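The model shown is predicted, which means the values in this text are computed figures rather than measured ones. Atoms considered below: every heavy atom in the structure, side chains included; atoms not considered: hydrogens, waters and symmetry mates.
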Amino acid sequence: MKYYIIAGEASGDLHAANLIKEIKILDSAAEIRGFGGDKMMEQGAELVMHYRDLDFMGFVEVIGNLKTVLKSIRICKNDINTVKPDAVILVDYPGFNLRIAAYVAKLKIPVFYYVSPQIWAWKQGRIRKIKKYVDTMLVILPFEKEFYSKFNYQVNYIGHPLLDAFENLNLPDRNTLIEKHNLSHRKEIIALLPGSRKQEIARILPEMLSVVAEFPNYQFVIAATNAINEKFYEKLIKNYPVSILFNQTYALLKHTKAALVASGTATLETALFNIPQVVCYSANALSYFIAKKIVKVKYISLVNLIMNKPVITELIQYNLNTKNLKDELLNITENRKKTELLLENYVEVKRMLGGKGASARAARIIINSIRESTDVEQV
């Protein structure tokens, strides 16, 4: 069968790649095409467009790039109409994907949504489009099933696919990592995860770097993405004594003492590695003003949202500054009681995520649904 998958950012690319892997186990003749990134390509997907050409963050930034976004939507619609896949699988990225869902529904092609948009945080009105255009919703956070039930919309909770991404990781030991990347054997590592979009990196990384001089007994290492040119990072780093590792986030986290992390999936990845962290968020002033008016959740990090309490410190917008970063980083590197409590909460987070196998469960639901509609034997 032919599957069209649309992922508009790095985390979506990761989840889509794991889903593709499981789809191919159940459907050896699967043909995969769509929008995504390097990880999808590694699993054999044919990319029409890379997410780095679509990945805009914030209200103002999206409006400023609206022409590019609308052109990409047209390309996507035309390609789907030409390919006529057996199913379209949307991965988060709602501003783009809900428009595609409406178009695909008219073509009578089954629409699956894998990784729900965060409508529980803002834009709850999107539930109307989801109920109208999405045939099957697959959610990955434990509270999402109850949320959707309030709107009389039944979804499938499959657990979090990050647990699958952590299976069978072949990561280097500390000596190998240090020698390969010319790091110090004597100093412990503080990892900087400034995000995957240029806009958020440009805002958050300079704040992270501002505390480097305050921690001379540690070495700071940036987890960078291959989707962004090295020169972009170098302009922000200037003369700060830090190292950059491209596409080595998991290897870095495995050997890290603590981390400063941009809000997003990386906060959960850091927790799964049992790394104490401080969450950082900064946006365009107007975007932040608008978000404050419409966002309906108490927290921005997945760890805190899952636990429904402030497990990890969130430094947001004006609170993201050198003094606060220094204080909180000292807390998670020097305060043993704080660290022990944090790690205890991480254990509960893992329990609540539902165990491994989310990607396989998603693939099975998608394939069985397609085959059921065509009277083909299910898996």
Side-chain angles (χ1 to χ4, degrees), residues 9-11 13-14 37-39 51-52 55 57 169 171-172 174 176-283 301 312-315 320-322 324-326 328-330 332-333:
E9 55 193 357
S11 61
D13 179 42
L14 172 64
D38 296 345
K39 294 187 184 300
Y51 71 75
R52 64 172 163 254
D55 202 5
M57 174 189 175
L169 285 176
L171 300 177
R174 188 175 190 275
T176 301
L177 180 77
I178 285 172
E179 290 171 7
K180 181 178 180 180
H181 299 284
N182 197 30
L183 304 178
S184 170
H185 281 278
R186 294 182 295 104
K187 294 182 178 182
E188 290 192 278
I189 296 170
I190 292 177
L192 305 180
L193 281 66
S196 60
R197 304 175 178 95
K198 283 187 175 181
Q199 293 102 324
E200 66 179 335
I201 295 170
R203 290 187 174 278
I204 292 172
L205 184 55
E207 296 292 348
M208 291 178 169
L209 293 170
S210 72
V211 299
V212 169
E214 305 290 341
F215 294 85
N217 295 325
Y218 291 92
Q219 57 184 321
F220 286 75
V221 183
I222 299 169
T225 169
N226 281 349
I228 296 175
N229 192 283
E230 186 173 2
K231 290 182 179 179
F232 179 81
Y233 290 98
E234 290 175 347
K235 288 180 181 178
L236 297 173
I237 292 169
K238 299 177 182 175
N239 295 321
Y240 284 105
V242 297
S243 302
I244 313 176
L245 267 62
F246 283 88
N247 247 34
Q248 295 288 314
T249 301
Y250 288 177
L252 177 60
L253 285 174
K254 182 181 178 183
H255 304 294
T256 286
K257 170 76 172 181
L260 303 180
V261 187
S263 63
T265 302
T267 63
L268 191 53
E269 291 172 317
T270 303
L272 293 176
F273 273 101
N274 291 320
I275 303 302
Q277 62 181 299
V278 179
V279 176
C280 306
Y281 175 85
S282 180
S301 69
I312 51 182
T313 299
E314 299 178 350
L315 297 180
L320 180 61
N321 56 55
T322 305
N324 289 343
L325 277 171
K326 177 186 175 182
E328 295 302 329
L329 192 52
L330 277 171
I332 61 173
T333 53

Q. Between E200 and R203, does at least one N-O distance fall below 4.0 Å, as a salt bridge requires?
A.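 Salt bridge flag = no for R203 with E200.
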
Pairwise side-chain contact, [X] with [Y], heavy-atom cut-off 4.5 Å (strictly under):
{"X": "L315", "Y": "V279", "answer": "no"}
{"X": "H255", "Y": "E188", "answer": "no"}
{"X": "L171", "Y": "F273", "answer": "yes"}
{"X": "L260", "Y": "L325", "answer": "yes"}
{"X": "L192", "Y": "L209", "answer": "yes"}
{"X": "L183", "Y": "I189", "answer": "yes"}
{"X": "L253", "Y": "L193", "answer": "yes"}

Atom of [X], atom of [Y] and distance for their closest heavy-atom approach:
{"X": "S210", "Y": "Y240", "value": "CA-OH, 4.1 Å"}
{"X": "P206", "Y": "L236", "value": "CG-CD2, 4.3 Å"}
{"X": "E328", "Y": "T313", "value": "OE1-OG1, 3.1 Å"}
{"X": "A262", "Y": "I204", "value": "CB-CD1, 4.0 Å"}

Considering residues at least two apart in sequence or located in another chain, which fulfil the side chain to side chain donor-acceptor pair (under 3.5 Å) criterion with E314?
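Listed in chain order: S301, N304.
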
- Item | By side chain to side chain donor-acceptor pair (under 3.5 Å) - contacts of S184 (at least two apart) |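 Per chain and number, S184 pairs via side chain to side chain donor-acceptor pair (under 3.5 Å) with no residue.
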
Scan residues 258-277 for pairs that pass salt bridge (Lys or Arg N to Asp or Glu O under 4.0 Å), counting only residues two or more places apart or in two chains.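 Pairs touching residues 258-277 that pass the test: none.
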
(Q) Go through it in stages, so that I can follow the logic: the residues are I275 and V261, the test is side-chain contact (heavy atoms from CB on, under 4.5 Å), and I'd like the CA-CA distance, side-chain angles, deciding distance and then a yes or no. (A) CA-CA 11 Å; I275 303 302; V261 187; over 6 Å; no

Gap between atom [atom2] of [Y] and atom [atom1] of [X] - 0.5 Å precision:
{"X": "L329", "Y": "K257", "atom1": "CG", "atom2": "NZ", "value": "10.5 Å"}
{"X": "S282", "Y": "M208", "atom1": "OG", "atom2": "CE", "value": "10.5 Å"}
{"X": "Q277", "Y": "T270", "atom1": "CD", "atom2": "OG1", "value": "4.5 Å"}
{"X": "L169", "Y": "K254", "atom1": "CG", "atom2": "NZ", "value": "8.5 Å"}
{"X": "L252", "Y": "N247", "atom1": "CG", "atom2": "CG", "value": "12.0 Å"}
{"X": "R52", "Y": "I228", "atom1": "CZ", "atom2": "CD1", "value": "10.0 Å"}

Check: Just by distance, do the side chain of H181 and the backbone of S243 share a donor-acceptor pair under 3.5 Å?
Finding: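 No, H181 side chain to S243 backbone: no donor-acceptor pair under 3.5 Å.
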
For residues 225-239, pull every pair meeting side chain to side chain donor-acceptor pair (under 3.5 Å), keeping only residues two or more places apart or in separate chains.
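For residues 225-239, and leaving out neighbouring residues, there are no side chain to side chain donor-acceptor pair (under 3.5 Å) pairs at all.
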
Inset, instruction - For the pair V212 and V242, evaluate side-chain contact (heavy atoms from CB on, under 4.5 Å) and give the outcome as yes or no after the intermediate values. - result: CA-CA 8 Å; V212 169; V242 297; 3.9 Å; yes

Is the positively charged end of K198 above the ring of F232, judged by distance under 6.0 angstrom from the centroid and angle within 45° of the axis?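 Yes, K198 lies over the aromatic ring of F232.
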
* Asked: Does any pair with a residue in residues 189-230 pass ring pair (Phe, Tyr, Trp, His ring centres under 6.0 Å), and if so which ones, sequence neighbours excluded?
  ->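 Of all non-adjacent pairs touching residues 189-230, none passes ring pair (Phe, Tyr, Trp, His ring centres under 6.0 Å).
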
- Query: Any chance NZ of K187 has more than 12 other-residue heavy atoms, nucleotides or ligands included, within less than 6.0 Å?
  - Reply: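 Yes, NZ of K187 has more than 12 neighbouring heavy atoms, counting only those of other groups under 6.0 Å.
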
Would you sort out whether Y281 and L320 count as a side-chain contact (heavy atoms from CB on, under 4.5 Å), showing the intermediate values?
CA-CA 7 Å; Y281 175 85; L320 180 61; over 6 Å; no

Check step by step if side-chain contact (heavy atoms from CB on, under 4.5 Å) holds for I244 and I237. CA-CA 10 Å; I244 313 176; I237 292 169; 3.3 Å; yes

Side chain to side chain contact (heavy atoms under 4.5 Å, CB included) involving P276 - partner list, sequence neighbours excluded: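 Partners of P276 under the side chain to side chain contact (heavy atoms under 4.5 Å, CB included) test: I332, T339, L342.
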
